[in-house]
2 protein chains.
Amino acid sequence: MTTIYDVAKRAGVSVATVSKVLNGYPDVSARTREKVQQITAELGYHPNAVARGLVTRRSMTVGVFFQDHGNRGFRHPFLHDVIASFKDSIGEAGYDLLFLTEHRGNDGVFRGFESRAKQRDVDGLFLLGVPRTNSGLATLSRSQIPTVSVDLDLFGPKASYLCSDNVGGARQAVDHLVANGHRKIAFIGDRFGTKPGHDRMLGYQEALQAHALEYRPEWILEGDFGETSGYRAMRRLLAEAELPTAVFCASDMMAIGAMNAISEAGLHVGEQISIVGFDDIELARYVSPGLTTIRQNTDKMGQRAATELLELMNTTNKPPGVITVETSLVVRGTVRNIA
Amino acid sequence: MTTIYDVAKRAGVSVATVSKVLNGYPDVSARTREKVQQITAELGYHPNAVARGLVTRRSMTVGVFFQDHGNRGFRHPFLHDVIASFKDSIGEAGYDLLFLTEHRGNDGVFRGFESRAKQRDVDGLFLLGVPRTNSGLATLSRSQIPTVSVDLDLFGPKASYLCSDNVGGARQAVDHLVANGHRKIAFIGDRFGTKPGHDRMLGYQEALQAHALEYRPEWILEGDFGETSGYRAMRRLLAEAELPTAVFCASDMMAIGAMNAISEAGLHVGEQISIVGFDDIELARYVSPGLTTIRQNTDKMGQRAATELLELMNTTNKPPGVITVETSLVVRGTVRNIA
DNA sequence: CTGAAAGCGCTAACAT
DNA sequence: ATGTTAGCGCTTTCAG
């Protein structure tokens, strides 16, 4: 391995000088600078960011914890999109992403978020799909590690979080239904009490009130955001004495499951029963009829997360905050106008 | 920040001793060991992997370069699945994943694969979705950095690669069509000459020969693996004087595009024209009719990639190799039996 | 069984 | 403008 000493010797200067040209310091003569640069290229020398980080105390690395409820690791499309956008933005600033896992070290000791972050010396943390129940969260929120999490209300001296405007999004969904003449609207939500699930439920209820619609406990179902749970919830709903004319689902996958249950029952989505989903995943365009849904702006979420984390890491006394990103209604074919 | 010195002082021993208990060396008395462990816990001390890596020359980190042709970064579902599986396997061995980007440093110098890898001191590299034309590939293949790439025939002293059995998979596709009575079979391939595209074309041709089917240049179309390109190719095909009874597409997304073109022309997929795709992405189950396709075993691909890289990194003189993972036929609704 | 000391590759005072 | 040197937090001979 070529080190800064090799370059220094070959160029006939000291390591300090080499370091200075490498880091673009001005107090180096043009002659020396050129000489060093030439040797650097000649030797194919690459400064070692790890050693540099050890002394500067900045690794230019942000740690990512990415889980999803199904324990499917990398496979959640919505969060993927957020990460992709986050990576682009934070990459611009020179940071690389280190994907971390909580685990038991070879000493048998369990290492959670904070421990892993310190171990790897990351400058900040980005959390996605982490359930509220995770035991490492409390310690993390109290720590001084700059952190931003999405869809999880983790708040602390250096911890901001970011969500879509889930309350508003849910209202958009119900409003759209009402605008199309629906007054009997069911809801398939989440049984885990995630922040988004909770807020979408809230928005649903607010909208019911705003439109003076009847609140019917038997029309409130619970799932886990996955297709099967939406299917099951819809089956239960279809067994009720009185059926709603529309159902708002807290995720697209649940909406798709619900659509299957409806077809299976010999009914037609968008005819007897209207459906609105949430997320606007890629699939929503491909099912038939196309799913009307509330779109989460993943690009913007990633960007906002990146700028927030950058500030948390690089601005002293930057107060943490909560960031909300607007949603938008995407009309496709699952809502019928019955006015 | 708590360091090993803090622990040593508090425990009344030397740093060497602390280091030994941290790394589970046997030559420490039970008494000292316990004392140290207790202090470690008390202080909430986390050994710094970066400093450790600097001296041991192993960072326990593997670098990932993940691109896709559409420059959509994290958004390619097939490669996602491979990474997820890879991460699980390599994580077991204690490695974390560092997502790297080629970029221009603040000195204005472009840093490619090798440069970034050395800079970040990774122990190995995993490449996905990197086009053959990337200029950094030649240098990398000559380097001593353990590398495994998927769907890219990068081979070198420490570089293995891994693909599905694309030739065999393509043959499975054509065989299935022939078994259903088809003898006029078109092909929508790839215009970039990627390794998978090339091999699927090869398998198609081999199968034609094996079944003594006619090779018709006007029935060979080219796309870019994306939906739109499949749509366009199908439109061109539909304009031909004589139509095939089936078309084999080198990707599911192209197959889906082709299906749209067929519907739009007033024909029915699985009736007048049969379709077979390649990949078995999630969407394949949801389009209507369900897409018959060749499944790539992403779980196995990730696992094999991980074990190969582990060997390359940890076994001296491990010769590089090329790894092939079998595909399988998934029958859904897009092929009609016309025998 | 334990500790002193050298050094991994680099940066940052501080001299010169 | 350039060089000397002391670390960053850790592991690893090598003595004792």
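Chain A is the first sequence line, chain B the second, and so forth, proteins listed ahead of strands; every chain is numbered from 1. Atom set for the values below is all heavy atoms of this structure, side chains included, hydrogens, waters and symmetry mates excluded. Note that the coordinates shown come from a computational prediction; the quantities given were computed from them, not determined experimentally.
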Expected string for nucleotides 2-8 of chain C under the B/S/- scheme (protein heavy atoms, under 4.0 Å, primed atoms plus P, OP1, OP2 as sugar-phosphate) is BBB--BB

Walk along DNA chain D from 5' to 3' and tell me the first and last nucleotide with an atom closer than 4.0 Å to a non-hydrogen atom of chain A.
-> D:dA1 to D:dG9

How about B:Ser160 and B:Leu312: do any of their side-chain heavy atoms sit closer than 4.5 Å?
-> yes

Are the side chain of A:Asp6 and the backbone of A:Thr3 linked by a donor-acceptor contact shorter than 3.5 Å?
-> yes

Restricting to pairs with a member in residues 23-47 of chain B, which pass salt bridge (charged side-chain N to carboxylate O under 4.0 Å, His left out), not counting sequence neighbours?
-> B:Arg10-B:Glu42

Rounded to whole Å, the CG-P distance (A:Asn23 to C:dA13) equals 13 Å

Near DNA chain C, which residues from residues 34-45 of chain A have a heavy atom under 4.0 Å away?
-> A:Tyr45

Could I get the full list of ring pair (Phe, Tyr, Trp, His ring centres under 6.0 Å) partners for B:Phe113, not counting sequence neighbours?
-> B:Phe65

Among all residues two or more places apart in sequence or in another chain, which pass the salt bridge (charged side-chain N to carboxylate O under 4.0 Å, His left out) test with B:Lys20?
-> none

Salt bridge (charged side-chain N to carboxylate O under 4.0 Å, His left out) against B:Arg120, all qualifying residues, sequence neighbours excluded = A:Asp96

Would you mind telling me which of A:Asp151, A:Asp153, A:Thr194 makes a side chain to side chain donor-acceptor pair (under 3.5 Å) with A:Arg132?
-> A:Asp153

Any residue meeting salt bridge (charged side-chain N to carboxylate O under 4.0 Å, His left out) with A:Lys9, in chain and number order, not counting sequence neighbours = none

Smallest heavy-atom separation, A:Met60 atom then A:Asp123 atom, equals N-OD2, 2.7 Å

Residues 53-67 of chain B vs salt bridge (charged side-chain N to carboxylate O under 4.0 Å, His left out), sequence neighbours excluded, gives B:Arg57-B:Asp121

Inter-axis angle, terminal five-pair segments of the helix from C:dC1-D:dG16 to C:dT16-D:dA1 [nearest 10°] | 40°

For residues 138-148 of chain A, which residue pairs qualify under salt bridge (charged side-chain N to carboxylate O under 4.0 Å, His left out), counting only residues two or more places apart or in two chains?
-> none

Give a yes or no answer on whether the side chain of A:Thr147 reaches the backbone of A:Ala159 with a donor-acceptor pair at less than 3.5 Å.
-> no

List for me each residue that meets salt bridge (charged side-chain N to carboxylate O under 4.0 Å, His left out) alongside A:Arg304, sequence neighbours excluded, and say none if there are none.
-> none

How long is the line joining OH of A:Tyr25 and C1' of C:dC10, in whole Å?
-> 12 Å

